[in-house]
Amino acid sequence: EISLQHGAHRLGRRNDADMARWRAYGLGQFIHWGLYSIPGGEWNGKIYNGAAEWIRTWKEVSPQAYDSLIYRFNPIKFNPDSWAAVAGRMGVKYVTITTKHHDGFCLWPSKYTNFTVAHSPYKKDIIGPLVKAYNKQGIDVILYFSIMDWHNPDWRYDIKTRDDSIAFNRFKQFTRNQLLELLTRYPTAKGLWFDGTWDNSWVKQAAFADSLETEMRKLRPGLIIGSRFRADEYGKRHFDSNGNLMGDYEQGWERKIPEKIEDVHGNDWDCVMTIPENQWGYAKTWSGHIKTADELLEMLAKCVSLDGNFVLNFGPKPDGTLRTEEQTLAKAIGDWMTVNKEAIYNGEYAGFAKQDWGYFIKNTGTNKTYMVIFNVPVSGLLRVTTPLHTVINKAYDLGNLTQTYTPEEIGTSTYFIHLHQQTPKKPFVIVLETGETGKSHGTGYEKAK
Ligand SMILES: COc1ccc([C@@H]2N[C@@H](C)[C@@H](O)[C@H]2O)cc1
């Protein structure tokens, strides 16, 4: 271990109620909405082959022409209650919303720049009504904020000259002002999801970012901040120079999912996922593979089975409506969650050996472990190996509690659950009620160090 001034300030997971609430979410929604939604990945009739929210960087697009999109931002059909209703029906417990993406356009009327909704034809605050509508549905809000801001003339990719340093110091104050402004305007927001923090200019601000993080936590006790916000004084990000996670949850899983529990190092984490291969903001043309509800449900179950949250991205249209494909997927996921939500909410790593048929999810604080089944073997036999000293007392269908199973013991702590003839063509859940044998009352696995 080396001594660090600006590394992790806490070892291991947070154990307070605010973090326990975040840990229990399971399923979240990401929303990417802004000026980039207007071109939707197309410019002068040509399709941009990158992510639609990055179109400003395309050589075919002049930054000034892009920034003039502010005069076309007027989502007349925007109705936050309908977005929140879709999210509620889908069963999400939290939403992460872009307050400002890399292009610098603010969805709230910030006092610190004119590049906001207040100076668009729409005029009104977007974030406030969104927070209110989602909170009314019992859905918590996390604010996405991009440090990198292409519009602000003081932004720098690196600090090479004294002028860079003078400009970037102004930028740091601007950033601090906006973050404190967001936390003050939206006091019910539970946390921050930072992005745009990989460039040298910001990576060199270990001391500034560390003190800003401390200031934000003081302003909002319990605030949840991800690992992507700041670097330590050696430029290490997410994990400091001693290998300890900075922030409260790991933000390393963007469009990818860990394979095994060792990959998450005993930390909290979220996975943020797109429906097409790689589009966050609205893209008129979705190319490549569009994920199905069953694929997304398997990703959800996999994340929760490995102690994470699964956050599915929506890119609303410039008029404020949600595209049909997203509404259809939200309903399909919601229909499944209506029956199986108790396997997802308050879910954690169960410590059972991974099996090919699917995922084990333990319910925090109870003796229930859920088997979320995607791949029924031709044998119709589901193998279960329990953790040490754990026995199965009861097994039954979550979707039909009268449908019970008597596990056949086939070896030490190993059982076969015999499925009944016709199994559904949808993912389904079997509930295991377990008990402990022998002296040890361990959880069957020690949290990975
Ligand atoms: C350098 O590669 C990327 C990839 C994606 C991003 C942004 N993070 C996602 C959550 C989206 O906001 C995407 O624009 C930024 C840089």
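When a ligand or atom number is given, it counts from 1 through the structure's own listing order. In this text the structure is predicted, and so the values were computed from the model without any measurement.
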For atom 14 (O) of ligand 1, grab the closest protein heavy atom and report residue, atom and distance to one decimal in Å.
-> E53 OE2, 2.7 Å
Short N/O distance, under 3.5 Å, between W280 and ligand 1?
-> no
With heavy atoms of W198 as the reference, note each atom of ligand 1 found under 4.0 Å away.
-> 15 (C), 16 (C)
State, without any angle test, whether Y134 and Q29 hold a side-chain donor-acceptor pair at a distance under 3.5 Å.
-> yes
Residue, atom name and distance, where the atom is the protein heavy atom closest to atom 6 (C) of ligand 1 = E254 OE2, 3.7 Å
Can a donor-acceptor pair be found between the side chains of D248 and W22 at a distance below 3.5 Å?
-> no
Heavy-atom pair of closest approach, residues N363 and Y345 | ND2-O, 3.6 Å
Identify whether NZ of Lys or CZ of Arg in R323 sits under 6.0 Å from the centre of the six-membered ring of W286 and within 45° of that ring's axis.
-> yes
R23 with D307: basic N within carboxylate O range, under 4.0 Å = no
Using non-hydrogen atoms of the residue, decide whether D195 is closer than 4.0 angstrom to ligand 1.
-> yes
the protein heavy atom lying closest to atom 11 (C) of ligand 1 turns out to be H32 NE2, 3.4 Å
Please round to the nearest 0.5 Å and tell me the distance separating atom OG of S165 and atom CZ of R170.
-> 10.5 Å
Among protein heavy atoms, which lies nearest atom 2 (O) of ligand 1, and at what distance?
-> W54 CZ2, 4.7 Å
